4 protein chains.
Amino acid sequence: MTSSASGRPLRADALRNRAKVLAAAEEVFAVQGTSASTEEVARKAGVGIGTVFRHFPTKESLLEAVLVALLERLAAEAEGLRSADDAGEAFFGFFTRVVAQAATKRAVTEALAEAGVDARAATGRTGTGLQAALGVLLERAQEAGAVRADVGPAEVMALLAGMSYAAGRAGAHEDVLTFAFDGLRPRP
Amino acid sequence: MTSSASGRPLRADALRNRAKVLAAAEEVFAVQGTSASTEEVARKAGVGIGTVFRHFPTKESLLEAVLVALLERLAAEAEGLRSADDAGEAFFGFFTRVVAQAATKRAVTEALAEAGVDARAATGRTGTGLQAALGVLLERAQEAGAVRADVGPAEVMALLAGMSYAAGRAGAHEDVLTFAFDGLRPRP
Amino acid sequence: MTSSASGRPLRADALRNRAKVLAAAEEVFAVQGTSASTEEVARKAGVGIGTVFRHFPTKESLLEAVLVALLERLAAEAEGLRSADDAGEAFFGFFTRVVAQAATKRAVTEALAEAGVDARAATGRTGTGLQAALGVLLERAQEAGAVRADVGPAEVMALLAGMSYAAGRAGAHEDVLTFAFDGLRPRP
Amino acid sequence: MTSSASGRPLRADALRNRAKVLAAAEEVFAVQGTSASTEEVARKAGVGIGTVFRHFPTKESLLEAVLVALLERLAAEAEGLRSADDAGEAFFGFFTRVVAQAATKRAVTEALAEAGVDARAATGRTGTGLQAALGVLLERAQEAGAVRADVGPAEVMALLAGMSYAAGRAGAHEDVLTFAFDGLRPRP
DNA sequence: CATGAATGAGTGTTCATTCAT
DNA sequence: TATGAATGAACACTCATTCAT
């Protein structure tokens, strides 16, 4: 992520530009959807259109980089909860915060969906990072008796993606999450 | 749906063409997403591009017609289950079939999401048709003790949309539905 | 004008339709310019689009028919002044009224321009009707000493078209006509 | 005119292309009328269609640029005559040359008509440039006794537009101008 | 390396014209 | 004969991508 395709490390200013473009893309795509133009991203980033294409040779690669960055941030957050005191609270709290984010950032939902696909495909792609971290939270919550034992990480990812999608559209997320969480808890 | 905007009924051949276009649009948008071109729809329908625009004056109106048609079909199916013997089976079975459909037809998910929004907005739009029919199934399932009492139609719609989305992407639908359904069942 | 291209006289209702279309076209083109659609004309006339094309096989032919009708009306008015008492007043008054009409009806200007071209081309087309009638008014005004002798009908037509155009755009017609008329009067 | 909308000066090659497009547009619109297609302009200019739209974001803006360029050229010519020896000759000669140009370039007439409208609207738009320059020629011609005193610049503009229109259609310009000019001269 | 001008295939949409009903 | 549905070429305009500066 910090070096060009040629393998050579990027110069400091090039790296800075890459970051600026990525940040701009994240915001532009969040607000206008993924159909926003690359030109718009360049404008927001304060660089020329050519610079955008130098760092991300196609629009698709730019899109993917945005999703990857999002997933990495989520994975980092999940990893930070790895040794939280209350394992149930850690799991459900993380789940809730992700869904809340998705309610405003459409890209989050797309990232989750793609992460699920990637993880399934066992390609070792970035999505796996989140799924692995989430898997740890899940396992600890199961050991603590907060989550039923017959749930796997893939199912949690799918549920996360689905709830995030629903949150972005219908807006009924809070209430719905209640039921979804009850479905994950051990039957009394 | 069977008459032009002017109120006059369409000629038999015009009606046939309208249906052909709608069917083609449904398929094209399902496969290629809503960014598929109107030309593609015309080609698939075997009509000229002008014919598509005669029946649906903008691409947006064509898109909406597709969604409306989908929702109407779902609503009709739900209504047909209104007096099924096993109310729980009727409710959960319908839910399952919708999600299964969504796994292959991306448009179904979009229709559900939009239906949720419409219903929320309390407009007399089409989405309400499905939500109302679904509401009946829900109520009967609740009376039969198959679904917990504190769930409303809006929450069910949101859950339906979310699970449909997840089904289309992650593919883990069957297992995930198990948990979601458990969340809807009365706590023992 | 009262028979179809095949030479056979039109049925009464067909004739009525032709007139309706012509009237509608005149109004539509006056308001929206000649780029108005044929469909619009049909709508205004209360007939199907096919009927418009049956009577006027191309849009151009419809346009020309409108111009011809306008010119015929002007020619008729000019002919009515053929034996007016004050020949100068007849000539200048007619000129003034045409320009006033043109200020609101753009088609009048176009008709005059085309009439001028036609007359020049000596094709014996309709434009000549107006030019001939105007020629009579001119001659009588010259005999009465109200217009200088070295002016011909073609020049008057050109001046009429030019002033009509100016009237439609700049709006300064009244004042400008004063000078144009002075230019036509005999030098004292 | 020599810088983009963003205020930054254009690169040399961009400037060259802009000029090529403008020149091509001028010719294409002169020959085929303003309904000529933008593609045609691009083809004539030897650039891609995208280049045309980069410099002139809508067809209307291209059209306006053509008219503005024409008016500026005319205004410059008029200003060059500001201190000519024979003020009457300067005024009438300029008038004559404009009309002669209009006989072949339809766009000239449209430019004049629009200039008249602009000037009337008292906006600081380009049309005023020509009217002002023409006003100087007019005043000097009036002081020299070559033009009657009760004529204003607006009337001259209207007459200029009208005569230009007539010249483009009927072709009788020379003779007609004689009478129009006599109308502007002081009554003996 | 950064820039932004140039490119041109592709899009939604219109409209004169044809022809089956 | 009248109708209006069907047609498809044409249009203005967009945008991802390339490349000379």
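Note that the structure is predicted; figures quoted are calculated from it, not measured.
Interatomic distance, D:K20 NZ to D:T51 OG1, rounded to the nearest 0.5 Å: 9.0 Å. Separating the CD atom in A:E26 from the CZ atom in A:R73 is a distance of 4.0 Å, to the nearest 0.5 Å. One distance of note links CD of A:E110 with CG of A:L71; it measures 11.5 Å at 0.5 Å rounding. Summarising the geometry, atom CD belonging to D:Q32 is positioned 7.5 Å from atom OG belonging to D:S37; distances are rounded to the nearest 0.5 Å. Remark: C:T109 OG1 to D:Y165 OH distance equals 5.5 Å, nearest 0.5 Å. The structure places OG of B:S35 at 10.0 Å from CG of B:L63, a figure rounded to the nearest 0.5 Å.
With the 3.5 Å cutoff on both pairing distances, Watson-Crick and G-U pairs in DNA chain E assemble into runs of at least 3 at E:2-21 with F:2-21.
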Pairs under 3.5 Å (N/O, protein and nucleotides 17-21 of chain E):
unit_1: E:dT17; atom_1: OP2; unit_2: C:K59; atom_2: N; d: 2.7

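Rounded to whole Å, atom P of E:dT11 lies 12 Å from atom CZ of B:F29. If you measure from atom CG of D:N17 to atom C1' of E:dT7, you get 11 Å, rounded to the nearest angstrom. As rounded to whole Å, 15 Å separates atom P of E:dC15 from atom CG of C:L62. Between the P atom of F:dC11 and the CG atom of D:L63 lies a distance of 15 Å, rounded to the nearest Å. Whole-Å rounding puts the A:L15 CG to E:dC1 C1' distance at 13 Å. Taking atom CD on A:E64 and atom P on F:dA16, their separation rounds to 17 Å, with Å as the unit. Taking atom CD of residue C:Q32 and atom P of nucleotide E:dT14, one finds them 14 Å apart after rounding to whole Å.
Side-chain contact between C:R43 and C:E39 is present, with heavy atoms from C-beta onward closer than 4.5 Å. Proximity of A:L74 to A:Q101: side-chain heavy atoms (C-beta onward) are separated by under 4.5 Å at one or more points. Looking at D:F29 and D:K105, their side chains never come closer than 4.5 Å, going by heavy atoms from C-beta outward. Side-chain contact between C:E64 and C:F56 is absent, with no heavy atoms from C-beta onward closer than 4.5 Å. A:V108 is listed as a side-chain neighbour of A:L112, based on a closest heavy-atom distance under 4.5 Å.
Within the 4.0 angstrom heavy-atom criterion, only backbone atoms of the sugar-phosphate kind lie near C:S37; the bases stay farther away.
For D:R54, whose side chain is taken as the heavy atoms from C-beta onward, the closest listed nucleotide among E:dC1, F:dT1, E:dG4 is E:dG4.
For the contact set between residues 40-48 of chain A and DNA chain E, defined by any heavy atom under 4.0 Å, the members are A:V47, A:G48.
C:H55 has no side-chain polar atom (N or O) that falls below the 4.0 Å cut-off from OP1 or OP2 of F:dT1.
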